[in-house]
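Below is one structure, written out as structure tokens; comments come after it.
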Amino acid sequence: TYHFASAICEPLADKKIVLGMTKDMCYEAWGNPQDKYNTTTSLGNTSVWVYNYKTYLYFYDGVLKQIDN
């Protein structure tokens with residue numbers, strides 16, 4: 001059976017990022033990003049966090065929806 005809590009909490013404990021995490025969870029796993037910026041799109045309020053200047057985390061209304069490497 002799929003459990004949302006275990007799908008999020010287990011990666012968090014291993015310092016991994018998965019879609020559906022909140023900004024707080026991502027911060028807990030990876031710490032402060034090297035860069036971040038905010039914008040508003042048709043999808044809503046968007047935040048982009050950049051780690052190691054190559055991994056981009058895209059948050060829509062505070063929830064991680066996309067990861068680009």
Side-chain angles (χ1 to χ4, degrees):
T1 307
Y2 178 80
H3 294 285
F4 178 77
S6 64
I8 296 294
C9 294
E10 288 173 18
L12 182 59
D14 292 336
K15 302 295 184 193
K16 295 180 181 172
I17 300 292
V18 295
L19 298 179
M21 286 183 160
T22 64
K23 289 179 180 179
D24 288 340
M25 291 172 169
C26 291
Y27 177 83
E28 182 71 27
W30 285 5
N32 252 344
Q34 280 76 30
D35 196 11
K36 59 183 171 180
Y37 54 92
N38 299 307
T39 187
T40 301
T41 68
S42 60
L43 297 173
N45 296 322
T46 304
S47 296
V48 181
W49 288 10
V50 183
Y51 286 91
N52 299 321
Y53 300 102
K54 65 179 182 178
T55 301
Y56 293 77
L57 305 183
Y58 295 87
F59 299 90
Y60 299 97
D61 293 323
V63 178
L64 182 62
K65 297 291 185 178
Q66 182 177 337
I67 303 169
D68 287 341
N69 291 309

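Numbering starts at 1 and runs along the sequence shown.
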Test of understanding: with side chain to side chain contact (heavy atoms under 4.5 Å, CB included), list the residues that count as partners of Thr40, not counting sequence neighbours.
Asn45

Is it possible for you to say whether Val18 and Ile67 belong to one hydrophobic cluster, with membership spreading through side-chain heavy-atom contacts below 4.5 Å?
yes

Determine, using the 4.5 Å side-chain heavy-atom cutoff (strictly less than), whether Phe59 and Leu19 are members of one ILVMFWY cluster.
yes

Could you tell me which non-hydrogen atom of Lys16 sits nearest to which non-hydrogen atom of Ala29, and how far apart they are?
O-CB, 4.0 Å

Partner residues of Asn32 under the side-chain hydrogen bond (donor to acceptor under 3.5 Å, both in side chains) criterion, sequence neighbours left out
none

Give a yes or no on this: more than 12 heavy atoms of other residues, nucleotides or ligands lie within 6.0 Å of atom OH of Tyr27.
no

Which atom of Cys26 lies closest to which atom of Leu64, heavy atoms considered
SG-CD2, 4.0 Å

Solution key, residues 47-57 side-chain donor-acceptor pairs under 3.5 Å, sequence neighbours excluded:
residue : atom : partner : partner atom : Å
Ser47   : OG   : Lys23   : NZ           : 2.8
Ser47   : OG   : Asn38   : OD1          : 2.5
Tyr51   : OH   : Gly31   : O            : 2.6
Thr55   : OG1  : Asn69   : OD1          : 3.0

Among all residues two or more places apart in sequence or in another chain, which pass the side-chain hydrogen bond (donor to acceptor under 3.5 Å, both in side chains) test with Gln34?
none

